[in-house]
Number of protein chains: 2
Amino acid sequence: MDDRKKRILQAIVDEYINTAEPVSSGSIARRYNLDYSSATIRNEMAELERCGYLDKPHTSSGRVPSALGYRLYVNELLKDDDISIEEIKYIQSKLETRVNEIEELTRITTSTLSEITHYTTVAVGPRNNMQKIEEVKFVLLGKRNLMAIILTDSGIIKETIIKFDEDITEEQVNTLTFIFNNKLKGKPLEAIDKPLEEYIFSQMNYSLNVIKPIMQQLKKVISEETEYLLEGANKAFDLPEFKSLEVAKNFINILDTKEIMMDLLNTGFANDINVYIGEETENEKLKDFSIVTFKHKYKDKDLGTIGIIGPKRMDYSKVISVMKYISKKLNGE
Amino acid sequence: MDDRKKRILQAIVDEYINTAEPVSSGSIARRYNLDYSSATIRNEMAELERCGYLDKPHTSSGRVPSALGYRLYVNELLKDDDISIEEIKYIQSKLETRVNEIEELTRITTSTLSEITHYTTVAVGPRNNMQKIEEVKFVLLGKRNLMAIILTDSGIIKETIIKFDEDITEEQVNTLTFIFNNKLKGKPLEAIDKPLEEYIFSQMNYSLNVIKPIMQQLKKVISEETEYLLEGANKAFDLPEFKSLEVAKNFINILDTKEIMMDLLNTGFANDINVYIGEETENEKLKDFSIVTFKHKYKDKDLGTIGIIGPKRMDYSKVISVMKYISKKLNGE
DNA sequence: TTTTAGCACTCTTTACATTCGACTGCTAAG
DNA sequence: CTTAGCAGTCGAATGTAAAGAGTGCTAAAA
């Protein structure tokens, strides 16, 4: 894999990202000044195809990058810093808006990302099992509704409402607050479990009628998937690959069954930015799409993961540049 | 408009709802035992077309109901009680699940509706300006975060978090709670306005640094569009009308720009159930779709509006029957 | 040895012509 | 008033041909 092959591959991928049409040797020779004739490029393309970096839809057509081709492109050939000054200004103005809740920050980041890249963006909150409980609050609403608020160290606030068939007193609320905090402060969310329920029951003289619903609801809340945010789903429909109804249907299906995205977003490895190209994820439905995810942090607090989903020929340079820039901005230059 | 015309129109609409293909005089004569020859039906169809109830895609094709045709069908020809026993059982089992929050009830109703009808369902909460404040609570989270909770008479709970640059004391929280409740109990949400801010400021000796952010955030929350729920968006893609990319794109666009749906759902008139057929709404994008909305109530509390969006040839009988049934169930038989 | 011009070959796309079939509309008979 | 029957219309499907875009290979040039 010599240098010239790489340059040609890069030109092909760039061209394909722009045009969405199979790339011919002629168009490369013409538009990229590589100083080789189309014939030479043709030979190299044949070679690149043999190595698995390019595909050919049919005998007499131009070439299309394979997943392997994109992979090489992403790993080695990416040109960084692919954002314009206007875009930088736009991002800055967006990120400067004062936010009150971290959910709002996630929302802003997600929508900005979608607006700049023109791809569909999704976000999920941080994984529950990474979070530690900082405080538990109970608030009586009316006489029979209790709101439970759990603050975690990543700043996520989970709140839920528990309904009772009997009146709850302020005193009961105070005791509950004391005991829960006593037992849970600093513990992971999973500490809300059966043993805790038994312990609390043994410590308090309230009927199970009070404690059971609380525990049930709390367990439900912490087991619930975290917020799932979707931005710019309709943008995808302007892409040429969506002329195929099959592709469009798959896309809607992926977004509708949150599990697929959740899985992907949550399995991110150590890297801050992960790229999944088409069939690299084993999911059949994703074979026509690529997904780029990044760990969303603010002042080193984990705010979850944000992902961009687009066609395989997505503009990786742009996407990754923007992600890196936002990441940098959020974590103090 | 005699009775026979109506029977024939009904047959045509029924047939078209089933097949999504232009309906020919022959198929009606064959499949519906109206005891007339295809020629007679042909004559009537010509007449119905002249009156504007039917359309013809081209000279030698079968007929398709026009918006006016559907309208007549919905207003006069609908057969009620179009739900099977299995479906009734399914709905019952769904509605029986014990719910803790009304949002959960809305979620269950919305998804049940989508599952039974196989159409896409959306829901919005009740309009803010209809609601009265029942109670306001403030809860200190940490030292500089204040959670504000507003309970309204329709049971909707709005909560928000306000960040401060200085520490807040428990005492301040108590005073705030007292004053806000004093001034707001029983008042509509819009009572949270500038005069209130000034009044509170005049009554308390806290700096504006505390009161301003609270008022700002509260105003923001009450002005915010209420929850928007979407269920079964992907189901639409199995419908034959979605073979047209144009239609699919419009659909995604409608769902993505919540305002359109919001407008429609919120403008519902006195009726409990409203039907909008295709071009009846002036919105160009909606011309290929019909929307049926119903006021979602539980024990006479307003829980907002739920809407079903589907193709113009949606199964109105089924949809309306299911809605009526659910409505009945939620409001005590 | 590497590059390149040139040409034969392949395969898709588009256009056009033709056929086939499903309707309707109308007429005339029942 | 109903209906059988038939001419006429239009769309969908099929076949064929020509055009166009690209490749692969060969042989000459650098």
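By convention in this document, chain letters (A, B, ...) are assigned in the order of the sequence lines, proteins followed by strands, and residues within each chain are numbered from 1. As the structure is a prediction and not an experimental result, all values here were calculated from the model.
Using a cutoff of 4.0 Å between basic side-chain nitrogens and carboxylate oxygens, B:K249 and B:E246 are not scored as salt-bridged.
Taking 4.0 angstrom as the limit, A:S61 places none of its side-chain polar atoms (N or O) nearer than this to OP1 or OP2 of C:dT12. For the OP1/OP2 pair of C:dC11 and a distance below 4.0 Å, the side-chain nitrogens and oxygens of A:T59 include at least one atom meeting the criterion. For A:T40, a side-chain nitrogen or oxygen approaches OP1 or OP2 of C:dT4 to under 4.0 Å. Phosphate contact (OP1/OP2 of D:dG24, side-chain N/O of A:K56, threshold under 4.0 Å): present. Look at A:R42 and you won't find any side-chain N or O under 4.0 angstrom from OP1 or OP2 of C:dC7. Of the side-chain N and O atoms in B:R30, none sit less than 4.0 angstrom from OP1 or OP2 of C:dA22.
Atom CD in B:E21 sits roughly 10 Å away from atom P in D:dA12 (whole-Å rounding). Between the CE atom of B:M45 and the C1' atom of C:dA22 there is a distance of 13 Å, given to the nearest Å.
Side chain of B:H58, nearest nucleotide from D:dT23, D:dT3, D:dC10: D:dC10. Closest to the A:A39 side chain, of the nucleotides D:dT2, C:dT4, C:dT24, is C:dT4.
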If you apply the rule salt bridge (charged side-chain N to carboxylate O under 4.0 Å, His left out), what do you find for A:E86 with A:K89, and how did you get there? CA-CA 5 Å; A:E86 291 77 44; A:K89 277 193 183 144; over 6 Å; no
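In the model, A:Y32 has a side-chain atom that pairs as donor or acceptor with a side-chain atom of A:E15 under 3.5 Å.
Donor-acceptor pairing under 3.5 Å, judged by distance alone, is absent between the side chain of B:R50 and the base of C:dG25. Side chain A:S60 to base C:dT10: a donor-acceptor pair is found below 3.5 Å.
Using a 4.0 Å heavy-atom criterion, one finds that A:S24 contacts the sugar-phosphate atoms exclusively. Looking at heavy-atom distances under 4.0 Å, B:S38 makes no contact with the nucleic acid at all.
In this structure, B:R7 forms no cation-pi arrangement with B:Y36, as its terminal cationic atom is not both closer than 6.0 Å to the ring centre and no more than 45° off the ring axis.
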